[in-house]
Amino acid sequence: MIKNYMPAFFWLILIIYLLFFFEPSGNGGHIPHFDKVVHGVLFGTLSFLLSFAFYRDFRFQKRKNIFIVLFSIILFLAIITELIQYFFVPRRTGDLIDTMADLTGAFLGYNFYLFIIKKSSLSVKKYLLSN
C-alpha cells in the first residue's frame, strides 16, 4: 500500500525544495508569470500521482470520494506552502494567485488521470471482446 504513494511522496519533496529553497538565477529571458505555470505543473503532477495511488488503494470507492480527499489534500498543501513562503522564507512571497495556479494544475492533473484511466479501460475492454 505504501509503495503506491512513493512517487507522490518524492514529488512532494521536490515541490517543497523548489518552493522553499530554490532560487532562480539571473533575469535573462524571464517569461512573465512563468512561475504560475511551474506551480500548475508541480501540483498537477502531484494530483496525477496521488490519483493513481488512491485508485490502486480504493479502487472500489466512488470517484467523487477520491476527488474530495484529493482536493482537500491539495488545497491544504497549496495554502500551507504559500503561508510558509509569506511568513518564513526570505526572498519569497506568498501569493493567492500561486494558490489558484496550484489548484488549477491539480484539477488538470486529476482530469488527465481520468483520461488515462478511461483510455486504458477502453483498451482492456477491446482486448477482452476481441479474444
Participant: Just wondering, do R92 and F22 contact through their side chains at under 4.5 Å, heavy atoms?
Facilitator: yes
Participant: Ring centres under 6.0 Å, that's the criterion: do Y110 and Y113 meet it?
Facilitator: yes
Participant: Looking at every heavy atom in both T99 and E82, which two are closest together, and how far apart are they?
Facilitator: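 Closest approach of T99 to E82, heavy atoms only: OG1-CG, 3.2 Å.
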Participant: Would you check if I97 and H33 make a side-chain contact, meaning some heavy-atom pair closer than 4.5 Å?
Facilitator: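 I97 vs H33: side chains apart.
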Participant: So which atom in A8 and which in L46 form the shortest heavy-atom distance, rounded to 0.1 Å?
Facilitator: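 Taking A8 first and L46 second, the nearest heavy atoms are O-CD1, 3.6 Å.
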Participant: Kindly assign one of parallel, tilted or perpendicular to the pair F112 and F115, based on the angle between their ring planes and the thresholds 30° and 60°.
Facilitator: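 The arrangement is parallel - the two ring planes meet at less than 30°.
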Participant: First locate atom CG of L96, then atom OH of Y86, and finally report the distance between them rounded to the nearest 0.5 Å.
Facilitator: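 L96 atom CG to Y86 atom OH measures 12.5 Å (nearest 0.5 Å).
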Participant: Just by modelled atom types, is the V41 backbone N or O under 3.5 Å from a matching donor or acceptor in the T45 side chain?
Facilitator: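 Such a contact is found between T45 side chain and V41 backbone.
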Participant: Measuring from L50:CG to I66:CD1, what's the distance to the nearest 0.5 Å?
Facilitator: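 Taking CG in L50 and CD1 in I66, the distance rounds to 11.0 Å.
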Participant: For the residue pair S47 and L70, what are the closest heavy atoms and their distance?
Facilitator: OG-CD2, 3.4 Å
Participant: So which heavy atom on F48 is nearest to which on G109, and how close?
Facilitator: CD1-O, 3.6 Å
Participant: Can you find a pair of side-chain heavy atoms, one from L114 and one from N111, that are under 4.5 Å apart?
Facilitator: yes
Participant: Quick check: do I73 and F54 have side-chain heavy atoms less than 4.5 Å from each other?
Facilitator: yes
Participant: What heavy-atom pair brings L42 and W11 nearest, and what distance separates the two atoms?
Facilitator: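 Scanning both residues, the minimum pair turns out to be O-NE1, 2.8 Å.
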Participant: For D95 and K36, work out which heavy atoms get closest and say how close.
Facilitator: OD2-NZ, 3.1 Å
